[in-house]
Amino acid sequence: MVTSQRDLKLLDYVFHPRSIAVIGASNDEKKYGYRAVSVLKTQHFKGNIYPVNPSADMICGLKSYPSVKHIPGKVDLAQIMVPAPLVPAMVKDCLSKGVKIAHIYTSGFSEAGKDGKMLEDQIVRIAGRGDLRIVGPNCLGTYCSRCRLALNHRVGMEVGDVAFVSQSGGLTSSLIQAGNVRGFAFSKAISVGNCADLGLVEFLEYMASDAETEIIAMYIESLRGDGRRFFNVLRKTTRKKPVVIFKSGNTRRGREVAASHTGALTGDYVIWKTVLSQAGAIEVRSLAEMADVISGLKRLHPIPGKRSLAIIGNGGGQSVISADMCSEFNLDLNDLSAHTKRKLKSLQLPAGTSTKNPIDLPASVLRRKEGHFFKAVLEGVTSDRSIGAVVLNLEMETIIYDRSAENPSIHYLVNMVKAAAEARSPTCAVMVVLRSSDDPKLQSLKEEIAMRAKRLAMPVYWDLRSGLKALEKIIYYSDYLRRNRFPKWTGGGNGT
Amino acid sequence: MKQGGIIGRLLVKAYEQDRSLLFEVEAKELLRRLGLRTPAFKIAKSKRQACFEARKVGTPVVLKVLSPGVVHKSELGGVRLNLRTRGEIGKAYDEIMRSATRSIGDRRIYGVLVERMVPQGTELIVGATTDEKFGPIIVFGIGGIFVELYKDFSMRLIPITARDANEMLKEIRARDLLEGYRGQDRLDLDELVRILLAIGGRDGLMASFPSYVKAIDLNPVVVYPRGSLVVDGKFFLHQRKR
């Protein structure tokens with residue numbers, strides 16, 4: 001259990017080790033022991049790499065050592081990937097070498113049954129004889145963009161300020177990849193495995209105090225240990241940084257107090273929901289939602305605190321649909337102020353334009369002056385003090401197939417996204433939703449728009465529901481801070 | 001709340017007797033000590049006594065079977081409502097005894113509780129439970145016998161503050177019911193907050209006696225525009241470790 005600043009300091013060695021020993025390194029390209037060394041090498045880890053293997057001299061072009069004790073320099077972190085029965089001996093070696101962190105990749109421990117659990121307990125006991133701390137077992141790697149500690153060959157190493165603490169290794173690399181496309185990058189990520197020693201709570205506490213981290217994401221299957229401690233650490237963390245949590249494995253628990261009504265109401269998942277909302281965490285139900293929320297946290301400026309929105313779109317049907325959706329997510333489509341309406345009128349919008357919220361603009365208005373005219377319309381709305389965020393709800397195809405059916409052009413759309421970025425006001429954020437059919441021809445255009453949007457630090461969503469849902473969750477967090485009289489969160493930065 | 005007070009003594013006694021539930025009369029005493037109001041009641045061990053006590057508490061009355069083994073009384077025909085005359089009370093007494101004896105045997109039946117029928121009000125539930133992982137939790141919602149059907153409730157980890165309690169009232173779907181639905185008077189929300197804090201506050205029952213009280217069902221709590229009555233309060237206790 002991490003309780004002191006000294007313990008938290010120790011966790012720095014998980015993410016910023018000056019040297020790594022790979023115990024179980026191998027020259028066999030099919031083995032994980034080969035991949036681990038080659039990932040460190042090819043992703044240019046900023047530190048010493050020491051392969052450990054009793055029967056090889058060189059691995060991946062690096063000098064190999066028969067045991068961790070034979071390594072001449074200091075070893076901060078040992079990645080252990082030998083078969084489970086050999087792990088205790090390796091942990092002992094790490095202890096006598098003075099290794100700070102043993103990160104055990106090997107599976108076959110408590111997740112595999114009783115014998116595995118005994119082996120796991122044994123490892124923890126050995127480590128406890130000294131100051132050695134354990135990550136895992138049964139987990140994939142650690143990620144730190146600054147010291148170029150990578151999970152695998154394909155994961156991007158862009159430096160950012162999102163941290164991910166996850167009970168699944170696969171999800172870790174998926175979220176990092178998602179961020180790459182959606183315009184957010186990571187400071188650190190870790191898959192915690194069985195949490196025999198260091199677990200979700202310790203890493204949450206670490207990320208809370210980590211100066212390189214502004215947003216924390218967590219994937220939780222089941223919590224090992226004291227739930228109250230998790231709750232208390234989480235509540236303390238959300239005062240300073242948003243924590244986005246995806247909790248899975250929500251089957252109903254065998255109810256202990258079956259005789260009481262209260263017991264019958266309080267299934268496992270309901271309690272988790274309560275814990276998360278009471279502690280001020282943002283709960284999501286999928287990895288996609290997680291990416292949607294993080295993208296919004298990074299790029300919505302200012303972070304919306306009011307439930308009142310304005311939606312500007314093309315198409316009468318969409319206006320009705322978007323109004324329904326707002327009501328579903330408990331978001332308000334307020335009337336625009338008289339001042340704003342006058343301003344919009346003075347722009348001489350064509351007949352058929354509705355200045356009621358949601359605002360329906362004909363495609364011709366969107367295209368006027370190659371999309372620039374649109375900026376004046378937007379600015380009229382974003383300066384309305386009663387509106388906390390404007391959602392642009394645009395149907396892509398009408399706009400890009402304007403000139404001909406053969407040659408789609410994103411020229412107008414890009415101008416609109418630019419206009420949206422410029423129209424943001426100190427009181428009103430702008431979010432862009434670009435709807436389209438599944439036409440594969442659009443894919444590359446979408447990627448291009450996403451890239452431009454990334455540069456403009458604009459949040460772009462590909463369907464209205466995802467956008468509004470993320471917006472609602474972010475407003476929920478602002479509201480939580482306000483209700484508790486905590487300072488506003490301003491860590492979103494400029495979207496980089 | 002003090003460990004050595006009357007509430008503490010009452011809980012310790014039940015705990016030492018290894019009971020999983022407080023007796024109904026103990027529960028009423030405990031509620032009173034928590035500052036919560038319960039309907040006037042008397043205990044009767046015969047038909048004649050039931051009629052006699054009914055006049056004392058005031059009609060109409062409710063008869064409830066009094067037995068340590070019964071948790072959900074109405075499900076086995078152990079509750080009769082709205083009884084006014086001697087004839088009604090006597091008949092209800094016999095029927096309760098018959099159906100209770102059929103399902104639990106007569107040795108564990110002490111008699112009946114003769115309770116003043118409470119005026120019409122809004123039936124709510126205030127409950128608490130102890131989660132293995134997260135510890136004590138408080139629940140507020142729409143009460144009565146359809147609690148598990150409506151599943152309209154809000155929840156917090158204990159301890160809660162007055163602000164938490166106020167938020168809990170607003171989080172149920174039927175929140176309009178509390179605010180005076182369709183021309184009815186607004187319910188006594190301060191009273192509800194007081195009840196929630198008595199159970200789940202920093203100084204409330206659950207936080208003061210976590211090693212004794214495992215779960216609580218106050219259902220229904222009948223709430224009025226002014227005040228409330230806890231019509232049925234159950235206190236589930238932790239079992240002694242053997």
Side-chain angles (χ1 to χ4, degrees), chain A residues 195 199-201 220-236 238 245 247 249-281 283 307 328 330 476 479-486, chain B residues 20-21 69-72 75 125-161 163-164 166-168 170-171 199-200 206 210 213-220 232 234-239:
Chain A
C195 309
L200 293 167
V201 184
I220 303 175
E221 278 169 10
S222 67
L223 188 66
R224 194 158 163 168
D226 184 357
R228 251 331 142 124
R229 211 175 92 75
F230 171 76
F231 172 76
N232 290 332
V233 170
L234 182 61
R235 187 153 65 166
K236 231 172 97 189
T238 59
I245 297 183
K247 167 76 179 72
N250 301 316
T251 51
R252 293 180 76 86
R253 99 198 129 132
R255 280 186 292 283
E256 242 206 306
V257 200
S260 87
H261 285 296
T262 309
L265 290 177
T266 52
D268 221 9
Y269 177 57
V270 182
I271 292 176
W272 265 101
K273 251 182 121 56
T274 301
V275 166
L276 298 183
S277 73
Q278 196 176 344
E283 198 210 352
R307 289 204 164 262
E328 182 187 336
N330 206 8
Y476 162 84
D479 199 44
Y480 171 85
L481 294 178
R482 193 180 46 75
R483 270 186 292 130
N484 287 281
R485 297 189 185 87
F486 297 149
Chain B
S20 59
L21 192 67
V70 179
V71 179
H72 296 305
E75 281 164 27
I125 180 172
V126 173
T129 183
T130 306
D131 182 68
E132 262 179 68
K133 196 125 235 143
F134 293 104
I137 286 166
I138 186 164
V139 168
F140 163 77
I142 295 303
I145 55 171
F146 297 129
V147 168
E148 289 166 46
L149 192 65
Y150 290 136
K151 288 201 174 73
D152 186 7
F153 61 96
S154 53
M155 195 194 281
R156 288 285 187 285
L157 264 60
I158 289 169
I160 58 166
T161 61
R163 202 184 60 221
D164 287 321
N166 276 297
E167 283 174 11
M168 286 179 80
K170 293 191 187 84
E171 281 171 20
I199 299 299
M206 287 299 280
V213 186
K214 181 177 180 181
I216 301 172
D217 264 0
L218 308 186
N219 183 30
D232 197 1
K234 295 193 187 73
F235 295 84
F236 300 86
L237 305 175
H238 286 290
Q239 298 293 283

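Across B/P159 and A/R228, no two heavy atoms sit closer than the pair CD-NH1, 4.2 Å.
When side chains are defined from C-beta on, A/K273 does not count as touching B/M155, because their heavy atoms never get closer than 4.5 Å.
Remark: B/E171 CD to A/S277 OG distance equals 6.5 Å, nearest 0.5 Å. Atoms CD1 and CG, from A/I271 and B/L157 in turn, are 8.0 Å apart once rounded to the nearest 0.5 Å. Rounded to the nearest 0.5 angstrom, A/W272 CH2 and B/K133 NZ are separated by 8.0 Å. Here A/T274 contributes atom OG1 and B/I138 contributes atom CD1; the two are 12.0 Å apart, rounded to the nearest 0.5 Å. Considering CZ of B/F134 and CD of A/Q278, their distance stands at 11.0 Å, rounded to 0.5 Å.
The number of heavy atoms from other shown groups lying within 6.0 Å of OH (B/Y150) does not exceed 12. The neighbour count for A/F486 CZ, taken as heavy atoms of other residues, nucleotides or ligands under 6.0 Å away, is above 12.
A donor-acceptor pair is defined here as one N or O able to donate and one able to accept, closer than 3.5 Å; no such pair exists between the side chain of A/R483 and the backbone of B/R163.
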